[in-house]
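Notes follow the structure.
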Amino acid sequence: MRIGFFGGTFNPVHQGHLLLAREAVKQLHLDHLQWIPAKPWQKTQDSILPDEDRVKMLQLAIEADPNMSVNTMELQRQKLSYSIDTLRELQKRYPQDERFYLIGADQWENFHTWKDWQALFDLATFVIFERDGQRSANAQVQAFLKDKTQRVLFLTMPAVPVCSTELRSEALRRGLNSPLCRRWIPESVRNYMILHHLFAACKDC
């Protein structure tokens, strides 16, 4: 099988994430796509919605698509979670499958700061969502990949003029029924957020 792995905070998941995921499935001819919500140690936990809520919102967002699922492996770790740990575990779980690890252009630009980044290319094919046609990578990464057999794929994606940070701020200022939130947050996800008063407990969102 051809399996894609889409990691991120998804805080909250929005239509832009879904657009990228569906385009990746289509362009890469994936048999399945797993969403992997992260527990980012680089960010203050006050700004991250609870793990169980982020997982539930992802499940609601993709419930109509049988080719997608949520993988909570990173949330289950008690220690700091790095991509190298995730990819090694995925290699053990899916040794016979083609594995595609999806990241954004901003992550690709900072790829040289990732733990054991040189080893990551042996564990999956990296797929970068292009932003404005830019394929910039750190010079160190470019030099490492020169004359190597590892593949890096670039997918041209439709522009997504919104991000989770903007939606969180909008929800706090104007509420989840604002036009921006209605447009970009899936209805099932937005209803869940309203029902559980998520932003009332999120101090720094």
Side-chain angles (χ1 to χ4, degrees), residues 1-38 40 54 57-58 61-71 74 83-84 86-87 90-91 94 97-114 117-168 170 180-186 189:
M1 292 180 63
R2 295 168 65 87
I3 307 177
F5 303 97
F6 186 13
T9 310
F10 307 121
N11 187 46
V13 61
H14 57 69
Q15 298 288 7
H17 294 133
L18 292 168
L19 177 63
L20 295 178
R22 289 165 183 157
E23 280 295 315
V25 170
K26 179 181 177 181
Q27 293 188 40
L28 295 170
H29 306 288
L30 299 179
D31 296 297
H32 197 80
L33 177 71
Q34 294 186 10
W35 297 66
I36 305 180
R54 290 187 291 127
M57 289 188 291
L58 276 172
I62 65 173
E63 62 183 350
D65 196 327
N67 296 320
M68 296 185 186
S69 62
V70 181
N71 183 329
E74 292 196 357
S83 293
I84 187 69
T86 297
L87 283 169
L90 291 172
Q91 183 187 46
Y94 307 100
D97 298 304
E98 290 187 74
R99 300 177 300 278
F100 298 85
Y101 198 69
L102 315 179
I103 66 173
D106 54 340
Q107 295 170 296
W108 180 237
E109 292 171 0
N110 297 310
F111 194 78
H112 62 291
T113 66
W114 291 27
W117 64 266
Q118 297 94 333
L120 293 171
F121 295 107
D122 295 324
L123 301 172
T125 296
F126 273 78
V127 180
I128 291 79
F129 295 132
E130 279 190 309
R131 181 178 58 198
D132 302 324
Q134 297 180 356
R135 298 187 175 185
S136 58
N138 177 268
Q140 190 177 0
V141 176
Q142 292 179 342
F144 176 81
L145 289 175
K146 187 177 181 181
D147 301 324
K148 294 286 194 307
T149 59
Q150 290 95 334
R151 289 194 307 160
V152 175
L153 304 179
F154 293 87
L155 296 186
T156 301
M157 292 289 176
V160 178
V162 72
C163 66
S164 294
T165 301
E166 183 179 359
L167 289 171
R168 294 196 303 270
E170 176 76 4
L180 187 69
C181 289
R182 283 182 172 275
R183 178 181 178 186
W184 286 102
I185 300 177
V189 174

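Between the CZ atom in R151 and the CZ atom in F100 there is a gap of 6.0 Å [rounded to 0.5 Å]. The distance from the CG atom of L28 to the CD1 atom of I3 is 13.0 Å, given to the nearest 0.5 Å. The CD atom of E74 sits 3.5 Å away from atom OG1 of T86, with the distance rounded to the nearest 0.5 Å. Here CH2 of W184 is found 10.5 Å from CG of L18. Values are rounded to the nearest 0.5 Å. To the nearest 0.5 Å, the span separating CG on L58 from CH2 on W35 amounts to 6.5 Å. Rounded to the nearest 0.5 Å, atoms OG1 (T125) and CG (L153) are 6.0 Å apart.
Using a 4.5 Å heavy-atom threshold, the side chains of V162 and E170 count as separate. Between L123 and L90 there is no side-chain heavy-atom pair separated by less than 4.5 Å. Put simply, the side chain of L33 does not reach to within 4.5 Å of the side chain of N67, judged on heavy atoms. Between W114 and V141 there is no side-chain heavy-atom pair separated by less than 4.5 Å. Counting heavy atoms from C-beta on, the side chains of V127 and Q27 never come closer than 4.5 Å.
Judged by distance alone, the side chain of D31 and the main-chain N or O of R2 form a donor-acceptor pair under 3.5 Å. Under a 3.5 Å cut-off, the side chain of S164 and the backbone N or O of F10 do not form any donor-acceptor pair. The backbone N or O of Y94 lies less than 3.5 Å from a partner atom in the side chain of R99, making a donor-acceptor pair. Distance alone, capped at 3.5 Å, is enough to place a donor-acceptor pair between the R54 side chain and the A38 backbone. At least one donor-acceptor pair closer than 3.5 Å links the side chain of D97 to the backbone N or O of M1.
The two residues I128 and A105 make their nearest non-hydrogen contact at CG2-CA, 4.0 Å. Across all non-hydrogen atoms, the minimal contact from Q140 to H112 is OE1-CB, 4.2 Å. Nearest heavy atoms, R168 versus P12: CG-CD, 3.9 Å. The two atoms that bring A24 and L102 nearest to each other are CB-CD1, 3.9 Å, heavy atoms only. Taking every heavy atom of both residues into account, P66 and H32 meet most closely at O-CE1, 3.8 Å. Minimum interatomic distance between I185 and V189 (heavy atoms only, all atoms of both residues): CG2-CG1, 3.8 Å.
F126 and Y101 have their aromatic ring centers within a separation under 6.0 angstrom.
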